[in-house]
Amino acid sequence: MARNKYGRRRVLVTGGAGFLGSHLIDRLLDRGDEVLCVDNLFTGDKSNIDHLVGHTRFEFMRHDVCFPLYVEVDEIFNLACPASPVHYQHDPVQTTKTSVLGAINMLGLAKRLRVPIFQASTSEVYGDPEIHPQTEDYWGNVNPIGIRSCYDEGKRCAETLFFDYLRQHDLDIKVARIFNTYGPRMHASDGRVVSNFIVQALQGHDITIFGDGSQTRSFCYVDDLVEGFIRFMEAGPDVHGPINIGNPHEFTIRELAEKVIEMTGSTSKLIQLPLPADDPTQRQPNIGEARKHLDNWEPKVQLEEGLRRTIAYFADKV
Ligand code: NAD
Ligand code: UDP
Ligand code: UDP
């Protein structure tokens with residue numbers, strides 16, 4: 001299978017200069033693969049891959065996945081897409097294009113090469129869910145015309161494309177529905193709740209709770225998530241998903257804020273700001289499918305330990 005003259009596997013990671021992509025690349029390089037990182041640096045940052053510059057098995061290509069890409073690889077991880085509400089709402093048309101055109105181009109590439117392709121889908125495909133916890137057979141409750149729709153519907157359409165390439169072209173697809181993930185290399189200013197609260201606490205600023213803080217999320221530490229990605233790609237040609245990957249421990253946003261204050265020893269106060277439109281009230285993955293198909297995968301790093309590592313990362317930055 002390996003195309004490289006040294007017999008190594010060559011892996012394409014789109015969105016590889018981002019938060020999740022850069023951690024995935026570290027894992028792939030650690031196990032001996034060659035990695036081609038394709039990223040247009042819209043939300044990604046070269047500082048996430050700085051430590052890899054000069055690595056003999058790493059290559060960076062600045063490219064927008066909305067345009068065709070002709071390269072030779074053995075596996076594709078398609079992660080390119082802005083992920084935080086602040087980022088994906090900045091240029092919503094581009095967000096939909098990235099999800100849809102990016103999926104078409106990467107699927108076309110996988111079809112030409114006949115190689116497996118992984119899609120970073122999202123719990124947002126469930127919208128504001130009426131089923132709790134969310135199982136993969138739930139079709140979701142998504143507003144098609146709201147401010148989150150560019151992301152939610154873009155990712156839903158990408159899933160459709162992946163399953164049509166499976167049905168029509170017998171492609172080995174792997175669709176993962178990722179739930180909120182956190183850890184080092186999150187953007188300090190992309191508005192996501194874990195990074196926001198940690199940075200606010202470290203700087204002694206008010207902690208901004210949107211709404212009354214009773215909405216819930218389930219936070220997965222990045223290393224656990226990447227382990228799930230690797231196992232999914234290794235799961236063989238009959239495992240296509242969609243598979244939820246996330247941590248099933250659910251917390252209210254207020255509980256998260258209180259935990260961050262306690263762990264940083266901050267004197268910051270909690271303040272309430274208006275809840276953004278279409279903000280889901282609850283979210284928790286059912287990870288039965290992941291356990292079943294991904295060799296009993298489940299998260300190992302619990303919130304307190306993950307927050308400790310993430311706080312240490314931001315303490316160096318701010
Ligand atoms: P991120 O913003 O840090 O990374 C996304 C990367 O994609 C960035 O480096 C960005 O520059 C790149 N990119 C964006 N548009 C591109 C384009 N048109 N062409 C090439 N590169 C492009 O976000 P992340 O948290 O690392 O998310 C990675 C993937 O995982 C995304 O697809 C996201 O939707 C998905 N996801 C993430 C989470 C999470 O909690 N972090 C949850 C669900 C799904
Ligand atoms: N494509 C690509 N790299 C490849 C092969 C295809 O970027 O190596 C893109 C190309 O832009 C094409 C898209 O993938 O439009 C879909 O390819 P597919 O073969 O499925 O469709 P078709 O070319 O028949 O429209
Ligand atoms: N949130 C908050 N304060 C912030 C940032 C986010 O209360 O400073 C809330 C937000 O309204 C949402 C939850 O935290 O209910 C998670 O937000 P995030 O943007 O991290 O992810 P998503 O909504 O996409 O799950």
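One-based numbering, in listed order, for ligands and for the atoms of each.
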*Asks:* Give the contacting part of Glu124 toward ligand 1: side chain, backbone, both or neither, where contact means a heavy-atom distance below 4.0 Å.
*Replies:* neither
*Asks:* Angle between ring planes, Tyr165 versus His169, binned at 30° and 60°: parallel, tilted or perpendicular?
*Replies:* tilted
*Asks:* Which residue, Asn143, Asp152, Val142, forms the side chain to side chain contact (heavy atoms under 4.5 Å, CB included) with Asp278?
*Replies:* Asn143
*Asks:* With atoms numbered from 1 as shown, which atoms in ligand 3 lie under 4.0 angstrom from a non-hydrogen atom of Gln215?
*Replies:* 9 (C), 11 (O), 15 (O)
*Asks:* Could you go through Asp30 and Arg27, starting from their C-alpha distance and side-chain angles, then the distance that decides it, and tell me whether this counts as salt bridge (charged side-chain N to carboxylate O under 4.0 Å, His left out)?
*Replies:* CA-CA 5 Å; Asp30 276 352; Arg27 271 295 299 273; 5.8 Å; no
*Asks:* Considering Tyr151, Phe42, Phe67 one by one, which has a heavy atom nearer to atom 33 (C) of ligand 1 than any of the others?
*Replies:* Tyr151
*Asks:* Which of the numbered atoms in ligand 2 are under 4.0 angstrom from any heavy atom belonging to Pro68?
*Replies:* 7 (O), 11 (O)
*Asks:* Can you sort out which atoms of ligand 1 are near His187, meaning under 4.0 Å from one of its heavy atoms?
*Replies:* 1 (P), 2 (O), 3 (O)
*Asks:* Heavy-atom contacts with Gly108 under 4.0 Å: which atoms of ligand 2 show up? List them by number with element.
*Replies:* 5 (C), 6 (C), 14 (O), 16 (C), 17 (O), 20 (O)
*Asks:* How far is atom 2 (O) of ligand 1 from the closest protein heavy atom, and which atom is that?
*Replies:* Thr43 OG1, 2.6 Å
*Asks:* So, do Leu270 and Asp206 sit near enough that their side-chain heavy atoms are less than 4.5 Å apart?
*Replies:* no
*Asks:* For atom 18 (N) of ligand 1, grab the closest protein heavy atom and report residue, atom and distance to one decimal in Å.
*Replies:* Asp64 OD1, 2.8 Å
*Asks:* Atoms of ligand 2 less than 4.0 Å from Tyr165 heavy atoms?
*Replies:* 16 (C), 18 (P), 20 (O)
*Asks:* Heavy atoms only: which of Thr281, Asp279, Thr216 is nearest to atom 15 (O) of ligand 3?
*Replies:* Asp279
*Asks:* Below 4.0 angstrom from a heavy atom of Lys155, which ligand 1 atoms are there? Numbered from 1 as shown, please.
*Replies:* 31 (C), 32 (O), 33 (C), 34 (O)
*Asks:* To the nearest 0.1 Å, how far is atom 37 (C) of ligand 1 from its closest protein heavy atom, and which atom is that?
*Replies:* Leu20 CD1, 3.6 Å
*Asks:* Is a side-chain N or O of Thr122 found less than 3.5 angstrom from the main chain of Arg177, in a donor-acceptor match?
*Replies:* no
*Asks:* Measure the distance from atom 4 (C) of ligand 2 to every protein heavy atom, then report the residue, atom name and distance (to 0.1 Å) of the closest one.
*Replies:* Tyr70 CE2, 3.3 Å
*Asks:* Could you list which atoms of ligand 1 come closer than 4.0 Å to a heavy atom of Leu41?
*Replies:* 11 (O)
*Asks:* Within a strict 4.5 Å, meaning less than it, do heavy atoms of the Asp190 and Thr43 side chains meet?
*Replies:* no
*Asks:* Tell me whether ligand 1 is touched by His63 - counting only heavy atoms on the residue side and a distance under 4.0 Å.
*Replies:* yes
*Asks:* Check ligand 3 against Glu124 and write out every atom of the ligand that is under 4.0 Å from a heavy-atom position of the residue.
*Replies:* 24 (O)
*Asks:* Given that the side chain starts at C-beta and the backbone is N, CA, C, O, which of these parts of Ser121 lies under 4.0 Å from ligand 1, counting heavy atoms, or is it both or neither?
*Replies:* backbone
*Asks:* Could you tell me which atoms of ligand 3, counted from 1 in the order shown, lie closer than 4.0 angstrom to a heavy atom of Arg283?
*Replies:* 22 (P), 25 (O)
*Asks:* Salt bridge check, Arg217 against Asp279: does any charged N sit closer than 4.0 Å to a carboxylate O?
*Replies:* yes
*Asks:* Ignoring hydrogens, what is the shortest heavy-atom contact between Arg114 and Asp170? Give both atom names and the distance.
*Replies:* NH2-O, 3.1 Å
*Asks:* Quick one about Asn244 and Tyr126 (side-chain donor to acceptor, distance below 3.5 Å, no hydrogens or angles considered), yes or no?
*Replies:* yes
*Asks:* Could you tell me how the ring of Tyr182 sits relative to the ring of Tyr221: parallel (under 30°), tilted (30 to 60°) or perpendicular (over 60°)?
*Replies:* perpendicular
*Asks:* Please identify which atoms of ligand 3 are closer than 4.0 Å to at least one heavy atom of Asn196.
*Replies:* 4 (C), 5 (C), 8 (O)
*Asks:* Measure the distance from atom 39 (C) of ligand 1 to every protein heavy atom, then report the residue, atom name and distance (to 0.1 Å) of the closest one.
*Replies:* Arg192 NH1, 3.3 Å
*Asks:* Considering only protein heavy atoms, which is closest to atom 19 (N) of ligand 1, and at what distance to one decimal place?
*Replies:* Val65 N, 3.0 Å
*Asks:* Using distance alone, determine whether Leu69 and ligand 2 share an N or O pair under 3.5 Å.
*Replies:* yes
*Asks:* Can you tell me how the ring of Phe118 sits relative to the ring of Phe232, calling it parallel under 30°, perpendicular over 60° and tilted otherwise?
*Replies:* perpendicular
*Asks:* Against heavy atoms of Ile209, which atoms of ligand 3 measure under 4.0 Å?
*Replies:* 7 (O)
*Asks:* Looking only at protein heavy atoms, which one is nearest to atom 18 (P) of ligand 2, and what is the separation?
*Replies:* Lys111 NZ, 3.5 Å
*Asks:* Looking at ligand 3, does any of its N/O atoms fall within less than 3.5 Å of an N/O of Asn180?
*Replies:* yes
*Asks:* Under 4.0 Å from any heavy atom of Gly44, which atoms of ligand 1 are there?
*Replies:* 8 (C), 9 (O), 10 (C), 11 (O)
*Asks:* Could you identify the single nearest non-hydrogen protein atom to atom 12 (C) of ligand 2 and state the distance to 0.1 Å?
*Replies:* Asn105 OD1, 4.3 Å
*Asks:* Would you mind running through ligand 2 and noting each atom that sits below 4.0 Å from a heavy atom of Ile104?
*Replies:* 13 (C), 14 (O), 16 (C)
*Asks:* Does Val71 reach the side chain of Leu109, with side-chain heavy atoms less than 4.5 Å apart?
*Replies:* yes
*Asks:* To the nearest 0.1 Å, how far is atom 16 (C) of ligand 1 from its closest protein heavy atom, and which atom is that?
*Replies:* Asn40 OD1, 3.2 Å
*Asks:* Using side-chain heavy atoms (C-beta onward) and a distance below 4.5 Å, is Arg254 in contact with Ile209?
*Replies:* yes
*Asks:* If you measure every N or O of Phe210 against every N or O of ligand 3, does any of those distances drop under 3.5 Å?
*Replies:* yes
*Asks:* Among all the protein's non-hydrogen atoms, which is closest to atom 4 (O) of ligand 1, and how far away is it?
*Replies:* Gly18 CA, 3.5 Å
*Asks:* Does any non-hydrogen side-chain atom of Thr208 lie less than 4.5 Å from one of Ile271?
*Replies:* yes
*Asks:* In ligand 2, which numbered atoms sit nearer than 4.0 Å to a non-hydrogen atom of Arg112?
*Replies:* 4 (C), 8 (O)
*Asks:* Provide, to 0.1 Å, the distance between atom 43 (C) of ligand 1 and the closest protein heavy atom, together with that atom's residue and name.
*Replies:* Ile178 O, 3.2 Å
*Asks:* Is the closest heavy atom of Pro85 to ligand 3 under 4.0 Å?
*Replies:* yes
*Asks:* Do side-chain atoms of Asn48 reach the backbone of Ala17 as a donor and acceptor pair under 3.5 angstrom?
*Replies:* yes
*Asks:* Answer yes or no: is there a side-chain heavy-atom contact under 4.5 Å between Val115 and Ile76?
*Replies:* yes
*Asks:* Quick one: does His205's side chain have a donor or acceptor within less than 3.5 Å of a partner on Val199's backbone?
*Replies:* no
*Asks:* Near Ala80, which atoms of ligand 1 are under 4.0 Å from a heavy atom of that residue?
*Replies:* 7 (O), 20 (C), 21 (N), 22 (C)
*Asks:* At under 4.0 Å between heavy atoms, is it the side chain or the backbone of Thr208 that contacts ligand 3, or both, or neither?
*Replies:* both
*Asks:* Quick one: does any side-chain atom of Lys174 pair with a main-chain N or O of Val239 as donor and acceptor, under 3.5 Å?
*Replies:* yes
*Asks:* Using distance alone, decide if ligand 2 has a nitrogen or oxygen within less than 3.5 Å of any nitrogen or oxygen in His169.
*Replies:* no
*Asks:* What I want to find out is whether Arg156 reaches Glu159 closely enough, with some N-O distance under 4.0 Å, to be called a salt bridge.
*Replies:* no
*Asks:* If hydrogens are left out, which of Arg217, Arg148, Gln200 has an atom nearest to atom 16 (C) of ligand 3, that is, the closest non-hydrogen atom?
*Replies:* Arg217
*Asks:* Show the nearest heavy-atom pair for residues Ala103 and Ala158, with the distance to one decimal.
*Replies:* CB-CB, 4.0 Å
*Asks:* With a 3.5 Å distance limit and no angle check, can you tell me whether Arg57 reaches the backbone of Leu29 through a side-chain donor-acceptor pair?
*Replies:* yes
*Asks:* Name the option, out of Leu79, Val125, Asn180, that contains the heavy atom nearest to atom 28 (C) of ligand 1.
*Replies:* Leu79
